[in-house]
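A short worksheet on the structure shown next.
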Amino acid sequence: MLKEGPYNPQDHEEKIYQLWEQGGFFTPSIDQDKKSYSIVLPPPNVTGTLHIGHALMLAIEDILIRYHRMQGLRTLWLPGTDHAAIATQSKVEKKIYKEEGKSRYDLGREDFLKRVEKFAQESHDTIVQQTKRMGASLDWSREAYTLDEARNRAVNMAFKTMHDDGLIYQGDRVINWDPKGQTTISDDEVVHVEREAALYTFKYSSDFPFAIATTRPETKLGDTAVAVHPNDERYKKFIGQEYDLEFCKEKLHIKIIADESVDPEFGTGALGVTPAHSHIDWEIAQRHNLSLKQIIDEKTRIISVNENLQGKKVEEARSIIVEWLKENNLLIKEEPIKQNVATAERTGALVEPLPKKQWFVAVNKEFVMKESKLKNIKTGEKVTLKKLMRSVVESSEIKIMPEQFEKIYFHWIDNLRDWCISRQIWYGHRVPVYYKDQEICVGAEAPVGDGWEQDPDTLDTWFSSGLWTFSTLGWPINEVRHFHESLVDLIIKGEKVKTYRFDDESYCVGQVWQLENSQTQEKFGYAKITKVSQARFGDIGYGAEGHEKYASQEDMYETFKRYYPEKEITADSLTWIYEFEYQQKSDLETFHPTDVLETGYDILFFWVARMILMTTYLLGDIPFKTVYLHGLIRDAERQKMSKSKDNAVDPLSVIDEQGADALRMAMVFGTGQGNDVVMTPDKIVAQKKFANKIWNASKFILNNLGQEFKPAVVNIDLFKNSDDKDILEKLAATVKQTAINLDNFMFHEAAQDIYQFFWHDLCDVYLESVKSRLYDEEGESQENARQVLYHVLLNSLKLLHPFMPFITEVVYQELPYKNKQSLIIEDWPVNV
RNA sequence: GUGACCAUAGCUUAGUGGUUAGAGCGGCGGCCUUACAAGCCGGAGGUCAGGGGUUCGAUUCCCCUUGGUCACACCA
């Protein structure tokens, strides 16, 4: 019986989620005959809590997942979280500084990382709880983290493979330096901000023939040339000349060069070239073989022989130099100018271009494609990463929606430069490179022998995110022989890498082994590590409870000491026991390529493009078939919702007050494909009312079915009454249209159709017209009305379930005859 | 600078080469009718930004103008 009174989501949502979880409905069946459907969740950053944007993502993806699950596909929605390297680190740095006044250097690498990990773990737990509140039907048994052991193996394998192919190289170049974060950042992490600046026109010295213009006089200490346009009549006669002069006590050697990139119209038409502190100047310097002189350090302090300048911050140095120019009558003009300055996306600091040795991914370098499943790329063909990225979208192997983003994607690829992947931060995947004297070794594990030191840098967070669709599905898969013996050879790509013993702690959850019969050499399946949960000391068995993912060695050791204080043991005497799950096909084979990648358009380049790069290169395959990009959430004034603007709607408080169903429905209702989503309180209230409508109508129908009601097959031809016929026709049309809309990502259309059908066609018209037959009549007319009501209600619940999973499930559980244990696994209606 | 997108009711918007352009919220009038006042019934409200073109027919396709949003590139 449905309770009297209005629908109260809080009475039901938690229980219903438990019902689904305990039923195991989120984990796809192992029925190999069924087609699969998979989505990997864009992993939220472990920087705190879920925001409204995540809620939108969860709503859309859960709609897709529930729809396809009800269609009977092997449906996997794989959850995870992102370590978000620089974002998480800087968050924790700020917190520690605020609370304890300490920097990460005060704590040291190891202690600091422990603090970050603790914070990340807490964020993770919060995020998982919040995700569940949204009703997200994610397969938690496959949960992953971008920085866990399994993902680390994938990262190292990817790095090594790319390095072996010459696609990852160490380069000495001018990079984007974030002085606040004290790290390099990639071009994509640079945000240009417009601001007022002063353009100074001046001469280096009185014996230099002409003036140059700059907004940054302090960098002129590092000038090694002056560039002019080759056709500029004013300067033609100076080209090729060299000058030795003194600028602010700094000795400069300036060569006059001609370069096409100089705009004769700007400033004086002469550009002071500072190769060490400007990307463009660095490129000019490369073309003209100019020397490089670094005059700014990592703390943005000046390096100079001039004592007045040495160690000064750049801004201070600038005013000192401007003063000096004035005093020496060298300053010709100072004018205000609008300038776009580069800032770091995460920290907001002004980016300082600096020369540095870093690791790069070469996007224009040719290599031989090893194994291609791609349409327009053949195995053995010479390609570049750029070409791969372009090819799969051009061939429509990957479809980007809305379509306009394909153009934006191509535009980005065309302007793409080599990707700087090393970072000087501590939280992240350590660059898998080891140094010893002059030797360098690239590999997943430290080379044998003493004295090797690992590169202190970590990798760009997007490097690991780029592997997400397949690193979560067990890649790389290890081949293994003699699996039943305790010694196993690990063979990767036909090469014996290592012999493992079962007590080797290198195993981790998620690792997949290919199984082979040692006699027949027949490959018969896969074993996936599902648990590293037990340890044994010598002959004493010990099972740890509650360590579902990992049991750390320290945990085991501590617990053991508590239980067996009399034993003399060390942490090293632990034996690890692993649990495996047997699979005929690996997850990778079953679920990859994934079907849809759904995310915000703001990370098209950061993430989507990188996933395409990594997957086409490493697997020779696409990561997903369709990219569906959703918009930003805006408030009633169309302002972007963000914490800093303080206009953000907290999804959790909405769920508390109005229910998850109302929130989900409000996000898709009235929002065109890929458009920004306007969230206003009244929109959510409207959907809360709709949930209540469903509640009341269901109550009415269920209360009027009568004691002996048994659902019969409902066929429209069996009904003579025009009301019956009419509602059944409308239902059939809605069923048909909903499938079309959902197949085409038209969530708003689908939602509105069902809303219209349920509220206005069913409740306002049919329910009202049928009342007299239910109350006053008997026999066929009444029975028909009951059959139609039940039929329409059941199918409406099914149609509504992807959008409003909780209330529909609550009602379904009250139906007198259930086809399935739960609505979540009901058959999607076809031809009703 | 290069490019993309948008403009529909008071607000938020959906949709379409073809009858009368839909919806939610708001507003107006009337209803406590045994599922629901978080409801029901009934009105009102639109030159589909402006102009031109293609067409038998344009809100829809093309061009221009205006206004807005965004991406990329940048001036040293």
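This structure is a prediction, so every number in the text was calculated from the model and none was measured. Throughout, protein chains are lettered first and strands after them, A, B, ... in sequence-line order, and every chain is numbered starting at 1.
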Considering only atom P, compute the distance from B:rC40 to B:rG45 and round it to an integer number of Å.
23 Å
Using a heavy-atom cut-off of under 4.0 Å over every strand shown, decide if A:L271 touches base, sugar-phosphate, or nothing.
base
Using a 4.0 Å heavy-atom cut-off, does A:Y601 contact any base of the nucleic acid, only the sugar-phosphate backbone, or nothing at all?
nothing
Might you work through the side-chain hydrogen bond (donor to acceptor under 3.5 Å, both in side chains) test for A:T274 and A:D223, ending with a clear yes or no?
CA-CA 4 Å; A:T274 323; A:D223 281 11; 2.6 Å; yes
Nearest-angstrom distance, C1' atom, B:rG51 to B:rG42:
40 Å
Within 45 degrees of the ring normal and closer than 6.0 Å to the centroid, is that where the cationic atom of A:R287 sits relative to A:W282?
no
Taking only the P atom of each, what is the distance from B:rG22 to B:rU47 in whole angstrom?
15 Å
When the nearest nucleotide of RNA chain B is assigned to A:L199 and to A:V190 on a heavy-atom basis, which residue is associated with the more 5' position?
A:V190
Expressed in angstrom and rounded to an integer, what is the separation of A:E194 atom CD from B:rA73 atom P?
16 Å
Regarding A:T274, tell me which of base, sugar-phosphate or nothing describes its non-hydrogen contacts under 4.0 Å with the strands shown.
nothing
Provide the distance between the two C1' atoms, one in B:rC72 and one in B:rG15, to the nearest whole Å.
32 Å
Look through every strand shown and name the nucleotide pairing with B:rA4 as Watson-Crick or G-U wobble, where both distances are under 3.5 Å.
B:rU69
Which of A:H279, A:E189, A:E352 passes side-chain hydrogen bond (donor to acceptor under 3.5 Å, both in side chains) with A:N176? It is A:H279
Flag yes if more than 12 heavy atoms outside A:K736 fall under 6.0 Å of its NZ atom; otherwise flag no.
no
If anything within 90° of 0 is syn and all else is anti, what is B:rG42?
anti
Taking all heavy atoms of A:D418 and all of A:N364, pick out the closest pair and write down the distance.
OD1-N, 4.2 Å
Should B:rU54 form a Watson-Crick or G-U wobble pair with both distances under 3.5 Å, which nucleotide is its partner?
none
Measure from NZ or CZ of A:K771 to the centre of the six-membered ring of A:F700 and say whether it is under 6.0 Å with the direction within 45° of the ring axis.
yes
Hey, does A:Q339 reach any base, or is it just sugar-phosphate, or nothing, if we go heavy atoms under 4.0 Å?
sugar-phosphate
Does A:Q687 or A:R216 map to a spot on RNA chain B nearer the 5' end, using the closest nucleotide for each?
A:Q687
Under 30°, 30 to 60°, or over 60°: which ring-plane class applies to A:Y7 and A:W695, parallel, tilted or perpendicular?
tilted
Expressed as a whole number of Å, how far does the C1' atom of B:rC61 sit from that of B:rU55?
10 Å
Go along nucleotides 26-45 of chain B 5' to 3' and tag each nucleotide: B for a protein heavy atom under 4.0 Å from its base, S when only backbone or sugar atoms are that close, - otherwise.
---------BB-BSSS----
Rounded to the Å, how far apart are A:M679 CE and B:rG24 C1'?
13 Å
A:I337 and A:A198 have their tightest heavy-atom pair at CG2-C, 4.1 Å
Identity of whatever pairs with B:rA9 - Watson-Crick or G-U, under 3.5 angstrom:
none
Using both distances under 3.5 Å as the test, list the Watson-Crick or G-U wobble partner of B:rU47, or none.
none
Could you check how far CD of A:E403 sits from P of B:rA71, rounded to whole Å?
21 Å
Report which part of the nucleic acid A:S278 touches: base, sugar-phosphate, or nothing (heavy-atom distance under 4.0 Å, all strands).
nothing
Expressed as a whole number of Å, how far does the C1' atom of B:rG43 sit from that of B:rG29?
7 Å
Using whole Å, what does the distance between atom P of nucleotide B:rG1 and atom CD of A:E265 come to?
15 Å
Verdict with supporting geometry, A:D460 and A:W419, side-chain hydrogen bond (donor to acceptor under 3.5 Å, both in side chains)
CA-CA 10 Å; A:D460 182 2; A:W419 169 22; 3.0 Å; yes
A:E335 meets the salt bridge (charged side-chain N to carboxylate O under 4.0 Å, His left out) criterion, sequence neighbours left out, with A:K333
Can you check the A:I408 CD1 to B:rC5 C1' distance for me, whole Å?
8 Å
Pairing partner of B:rC36 (Watson-Crick or G-U wobble, both distances under 3.5 Å)
none
Nearest-Å distance for atom pair CG/P, residues A:L663 and B:rG24
20 Å
Could you tell me how far B:rA76 sits from B:rU69 if I compare only their P atoms? Round to whole Å.
24 Å
How far does the C1' atom of B:rA23 sit from the matching atom of B:rC48, given to the nearest Å?
16 Å
Which nucleotide, in any strand shown, forms a Watson-Crick or G-U wobble pair with B:rU20, with both distances under 3.5 Å?
none
Hey, does A:D263 reach any base, or is it just sugar-phosphate, or nothing, if we go heavy atoms under 4.0 Å?
base
So which atom in A:Y601 and which in A:G631 form the shortest heavy-atom distance, rounded to 0.1 Å?
CE2-CA, 3.6 Å
Which residue is it: A:Y243, A:Y204, A:Y235, A:F202? I am looking for the one with a ring-ring contact (aromatic ring centres under 6.0 Å, His included) to A:F210.
A:Y235
Provide, to the nearest angstrom, the distance between the CD1 atom belonging to A:I212 and the P atom belonging to B:rA76.
13 Å
Send over the distance from A:R634 CZ to B:rG68 C1', rounded to a whole Å.
11 Å
When every nucleotide of nucleotides 10-18 of chain B is labelled 5' to 3' by its protein contacts under 4.0 Å (heavy atoms), B for base, S for sugar-phosphate only, - for none, what sequence of letters results?
--SSSS---
